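Take a look at the structure below.
Note that the structure is a prediction, hence the values are computed from the model and not measured. Quick note: numbers below take in every heavy atom, side chains included, and nothing from hydrogens, waters or symmetry partners.
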Amino acid sequence: MDWFPLWLSLRVAATATVIAGALGLTGGYLLAKASFRGRGLLEAIGTLPIVLPPTVLGYYLLVVLGVDSPIGRTWERVTGRPLVFTVAGAVVAASVSALPFVLRTARAAIEGVDPRVEQAARVAGLPEWRVALSVTVPLAGRGLIAGVALGFARAIGEFGATVMVAGNIPGRTQTMPVAVFDAVQAGDDDRAAVLALVLAAIAVAVLLVANRLSRAAP
């Protein structure tokens, strides 16, 4: 059994979770607390990957990141290699797919913090950034962690956008979901069953943690 897809999936999902976590937690805080022009557009764009078919999302990423796009050309000029059909492309696809799950959960967790506690901190003389870091984030902490866990679960299960952007290159860009598809296509039912079982077990474990944290969140 070749376990390269498992290690690659864990690596891609971990990196994507860091990226989606940073963007999602920041965006969730802004949507929950800030009032600015374009707020609705930001929320719509951040949530779009949930409603778009994965292959359509992958197509748009392929257009935006391809070798003929400004981003793709800049990436290749800096790194010396294209962004699509590489591990970096898989990370981008997984990050975009995971982002809305972190964003929406983080927003709900931050909006759930009692505003009277935050107001008391302001009355005590704390500046807004100290209120955010010392009061809001700790009180919303379990919900924020749950959002990041959901993002990881989504990232490790990502298939459609990943296969469009990173392709299916065994030993290079073949993640677990893509390997399952590949095994089914090849008629290797035993390999498909083992890989699918491992992937499902990881996803269930992560979701159990996320659900437990969500129930415990204030």
Pairs meeting criterion side-chain hydrogen bond (donor to acceptor under 3.5 Å, both in side chains) with involvement of residues 75-89, two or more places apart: Trp75-Thr79
- request: Please list, chain by chain and in numerical order, all residues satisfying side chain to side chain contact (heavy atoms under 4.5 Å, CB included) with Ala201, sequence neighbours excluded.
  value: none
- request: Check the hydrophobic clustering (I, L, V, M, F, W, Y; side-chain heavy atoms under 4.5 Å; chains of links allowed) and say if Val92 and Val165 are grouped together.
  value: yes
task: Indicate yes or no for a side-chain donor-acceptor contact from Arg73 to the backbone of Asp68 under 3.5 Å, with no hydrogens or angles considered.
output: yes
- line: The complete set of ring-ring contact (aromatic ring centres under 6.0 Å, His included) pairs with one or both residues in residues 9-32, sequence neighbours excluded, reads none
Show which side-chain atoms of residues 4-24 pair as donor or acceptor with protein atoms under 3.5 Å away, not counting sequence neighbours.
from	atom 1	to	atom 2	distance (Å)
Ser9	OG	Pro5	O	2.9
Ser9	OG	Met176	N	2.7
Thr15	OG1	Arg11	O	2.9
Thr17	OG1	Ala13	O	2.6

- prompt: What distance do Leu207 atom CG and Leu150 atom CG have between them, rounded to the nearest 0.5 Å?
  reply: 6.5 Å
Atom pairs and distances, side-chain donor-acceptor, residues 44-67, under 3.5 Å, sequence neighbours left out:
from	atom 1	to	atom 2	distance (Å)
Thr47	OG1	Glu43	O	2.7

query: Counting only heavy atoms not in Arg172, do more than 12 sit closer than 6.0 Å to its CZ atom?
result: no
Expected list for residues 177-200: side-chain donor-acceptor pairs under 3.5 angstrom, two or more places apart:
from	atom 1	to	atom 2	distance (Å)
Asp182	OD1	Asn168	ND2	3.4
Asp182	OD2	Gln174	NE2	3.3
Asp188	OD1	Arg191	N	3.2

query: Which residue pairs pass the salt bridge (Lys or Arg N to Asp or Glu O under 4.0 Å) test with at least one member in residues 87-104, sequence neighbours excluded?
result: none
task: Check the hydrophobic clustering (I, L, V, M, F, W, Y; side-chain heavy atoms under 4.5 Å; chains of links allowed) and say if Val137 and Leu139 are grouped together.
output: no
message: Going by ring-ring contact (aromatic ring centres under 6.0 Å, His included), name the pairs with one or both residues in residues 82-115, residues two or more places apart or in two chains.
response: none
statement: Taking every heavy atom of Gly89 against every heavy atom of Ala166, the minimum-distance pair comes out as C-CB, 4.4 Å
- line: Those residues at least two apart in sequence (or on a different chain) that pass side chain to side chain contact (heavy atoms under 4.5 Å, CB included) with Pro127 are Trp129, Arg130
For Ser97, side chain to side chain donor-acceptor pair (under 3.5 Å) partners two or more places apart: Glu158
task: Treating Ile, Leu, Val, Met, Phe, Trp and Tyr as nodes and any side-chain heavy-atom pair under 4.5 angstrom as an edge, say whether Ile156 and Leu99 lie in one connected cluster.
output: no
message: Using the rule given for side chain to side chain contact (heavy atoms under 4.5 Å, CB included), can you reason through Leu25 versus Leu144, listing the C-alpha separation, both sets of side-chain angles and the distance that settles it, and then say yes or no?
response: CA-CA 7 Å; Leu25 297 181; Leu144 300 181; 3.9 Å; yes
field: Apart from Leu42 itself, residues in the same hydrophobic cluster as defined by side-chain heavy atoms under 4.5 Å
entry: Leu30, Leu31, Phe36, Leu103
Solution key, residues 114-121 side-chain donor-acceptor pairs under 3.5 Å, sequence neighbours excluded:
from	atom 1	to	atom 2	distance (Å)
Asp114	OD1	Arg116	N	2.9
Asp114	OD1	Arg116	NE	3.2
Asp114	OD2	Arg116	NE	3.2
Asp114	OD2	Arg116	NH2	2.9
Glu118	OE1	Lys33	NZ	2.7
Glu118	OE2	Lys33	NZ	3.0
Glu118	OE2	Thr136	OG1	2.5
Gln119	OE1	Arg122	NH1	3.3

